[in-house]
Protein chains: 2
Amino acid sequence: MTTSEQATPRKRRMPRAERERQMMEVAEEVFAERGYVAASMDEIAERVGVSKPMLYEYFGSKEGLLVACIRQARAELLRVTAEATAAAANDPETAFRAGLVAYFRFAVDHGVAWSLLSSEAAVVGPQTADEVEAVRQQQTNLISVTMSAYAPEVAQGALDAFAEIIVGGCERLALWCGRRGDVTPEQAAEHIMRLMWSGLKDSLPAEK
Amino acid sequence: MTTSEQATPRKRRMPRAERERQMMEVAEEVFAERGYVAASMDEIAERVGVSKPMLYEYFGSKEGLLVACIRQARAELLRVTAEATAAAANDPETAFRAGLVAYFRFAVDHGVAWSLLSSEAAVVGPQTADEVEAVRQQQTNLISVTMSAYAPEVAQGALDAFAEIIVGGCERLALWCGRRGDVTPEQAAEHIMRLMWSGLKDSLPAEK
DNA sequence: GCAAGTAACCTACTCCAGGTAAGGTGGACG
DNA sequence: CGTCCACCTTACCTGGAGTAGGTTACTTGC
């Protein structure tokens, strides 16, 4: 009887790492579809084709599962934005624009899942809120550090404030782009540049 | 026996409107303290000094209660920002700054409760997400309309994008101010002005 | 003053989803 | 070919959202 289950790909045993990846993938889908609160661990388990205690074995709790998803996305986001800005390190304007483009491209690629995570996650509990906040702080920090390399003598407080504004503005704009569907990352970045570059440049010291 | 309950202010019957206001007040507190998910209707009911079915009688569901809180805050926010910009209608720069100050003042006044609501609410379900989104759209719209009054010939798309960026940047900056604790609304507004005014002005046509 | 009506309120439940205890199963390795 | 461990399951507990139905006290017409 256990033989020849035609279509169904016969329940497989998997090594932990692989199962974890698969679970996170499914979880991201389900969270995106239903929203975190409405998503049930039973459904995620069922879609993975595994029983609920496995999820708890590997992630500890529903929130833990969400945190794992966010953490992975966050690492990816840091990688792409940092690489983009580093590639054009000699020119602040180009670097800034490249970072923006990379950010918006990431948002587009991860589509619904990322929007929902980024706008939804905080409600859950301190753990998750911290995790989402960490994503923003990481980006804020990247921007702040990059700027202060170009403008060492500007007050740190002002730079931090600018970084917050940039991150918040980008996040909102990314959501807006997703809603409209017809805005490219380059166009989005251009909007940010138009609105902010002039003010940013003026606050930085004279170019070398 | 029903007489002389010394300290406890003897359970009072209240008209619906008053009870509703009181419930929303308590709910805002509890949501802020525990976060939406962790907050329990039983606790809210107990703190109000009333039984759970009353909450359901008046608000329908836990999410309904949250929605009511947000909706009230939203009306208040619209009022203060619209009034502030209208007061200086002849000068765009002053109007913009006044609106910013009013926004940040509101964020400060509502403190933790507002931050949590604004950053937490979306996770709950479509109802709440829509409600929070409506707050932002309301502000976005206000900004967009105000701008297009000054710059009728600028493409609507660009104006909308700017409005989104402004709203997102302000939201993030407000949270940052709350975290630091020592930033006044005026200073916050000044940060936004420094970063954005120059770009905004250049995108608008020559001043009258 | 008093019956009648209704708005405010309560007790006592159901049900669902997060989380857990305790135990099967199959392949790797001596 | 036995035994060990990682992978996996069934069957349960618990707490909080939501509800059915009854009770109390305030108002209103006479």
Side-chain angles (χ1 to χ4, degrees), chain A residues 1-3 5 8-24 26-27 30-31 33-69 120-121 123-128, chain B residues 1-3 5 8-24 26-27 30-31 33-69 120-121 123-128:
Chain A
M1 281 314 179
T2 50
T3 61
E5 303 272 338
T8 31
R10 195 54 279 173
K11 271 182 189 177
R12 251 192 72 214
R13 258 158 191 259
M14 280 185 191
R16 176 166 183 148
E18 192 178 343
R19 214 23 129 197
E20 273 178 355
R21 252 179 289 121
Q22 189 201 2
M23 283 167 170
M24 284 161 65
V26 172
V30 177
F31 286 150
E33 274 175 37
R34 307 225 184 280
Y36 175 80
V37 189
S40 91
M41 293 296 268
D42 287 291
E43 178 176 359
I44 294 171
E46 192 179 356
R47 280 208 213 173
V48 172
V50 96
S51 72
K52 199 166 51 158
M54 288 306 298
L55 291 173
Y56 286 91
E57 176 76 25
Y58 289 164
F59 299 99
S61 69
K62 188 181 182 185
E63 190 176 1
L65 179 54
L66 180 60
V67 166
C69 292
E120 269 205 28
V123 74
V124 202
Q127 279 278 110
T128 313
Chain B
M1 278 316 186
T2 49
T3 61
E5 302 272 337
T8 33
R10 197 53 280 176
K11 269 183 190 175
R12 251 192 71 214
R13 252 154 198 264
M14 278 185 191
R16 177 167 181 149
E18 192 178 342
R19 202 46 114 186
E20 272 179 355
R21 251 180 289 122
Q22 189 201 4
M23 284 168 170
M24 285 163 64
V26 172
V30 176
F31 287 149
E33 272 174 39
R34 306 227 186 277
Y36 175 81
V37 190
S40 89
M41 293 296 267
D42 287 292
E43 179 177 358
I44 295 171
E46 191 179 359
R47 281 208 213 173
V48 173
V50 96
S51 73
K52 198 166 50 158
M54 290 305 298
L55 292 173
Y56 285 90
E57 177 76 25
Y58 290 165
F59 299 100
S61 70
K62 189 181 181 185
E63 190 177 359
L65 180 54
L66 181 59
V67 166
C69 292
E120 268 205 30
V123 73
V124 202
Q127 277 279 108
T128 313

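Letters go in sequence order (proteins before strands), and every chain restarts at 1.
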Without decimals, in angstroms, what is the distance between [X] [atom1] and [N] [atom2]?
X	N	atom1	atom2	answer
A/E18	D/dC8	CD	C1'	15 Å
A/L65	C/dG19	CG	C1'	14 Å
B/M54	D/dT23	CE	C1'	13 Å
B/E63	D/dG18	CD	P	9 Å
B/M14	D/dA25	CE	C1'	15 Å
A/D42	D/dT10	CG	C1'	13 Å
A/M23	D/dC7	CE	C1'	10 Å
B/K62	C/dC15	NZ	C1'	16 Å

Picking from D/dT9, D/dC7, C/dG19, the nucleotide nearest the side-chain atoms of A/Y58 would be D/dC7
B/V50 has its side chain closest, among C/dG19, D/dT9, C/dC9, to C/dC9
Sorted by chain and residue number, the salt bridge (Lys or Arg N to Asp or Glu O under 4.0 Å) partners of A/R47 (sequence neighbours excluded) come out as A/E29, A/E33, A/E43
- [ ] Check for a donor-acceptor pair, side chain of B/K62 on one end and backbone N or O of B/Y36 on the other, with a separation under 3.5 Å.
- [x] yes
Inter-residue atom distance [X].[atom1] - [Y].[atom2], 0.5 Å rounding:
X	Y	atom1	atom2	result
B/S40	B/R34	OG	CZ	8.0 Å
A/I44	A/M24	CD1	CE	12.0 Å
B/R21	B/R16	CZ	CZ	13.0 Å

- prompt: Taking it one step at a time, do A/V67 and A/F59 satisfy side-chain contact (heavy atoms from CB on, under 4.5 Å)?
  reply: CA-CA 9 Å; A/V67 166; A/F59 299 99; over 6 Å; no
Might you list the N or O atoms of the protein lying below 3.5 Å from N or O atoms in nucleotides 20-28 of chain C, with each pair's distance?
from, atom 1, to, atom 2, distance (Å)
C/dT25, O2, A/R13, NH2, 3.0

Considering only heavy atoms from C-beta outward, does the side chain of [X] approach that of [Y] to under 4.5 Å?
X	Y	answer
B/V48	B/R19	yes
A/M23	A/V50	yes
A/E63	B/V37	no

Which is true for [X] with a 4.0 Å heavy-atom rule: it touches a base, it touches only sugar-phosphate, or it touches nothing?
X	result
B/A45	nothing
B/M41	sugar-phosphate
A/S40	sugar-phosphate

With a 4.0 Å limit, can you tell me whether A/R16 has a side-chain N or O closer than that to the phosphate oxygens OP1/OP2 of D/dC8?
no
To the nearest 10 degrees, the angle between the two end axes of the helix from C/dG1-D/dC30 to C/dG30-D/dC1 (five pairs per end) comes to 0°
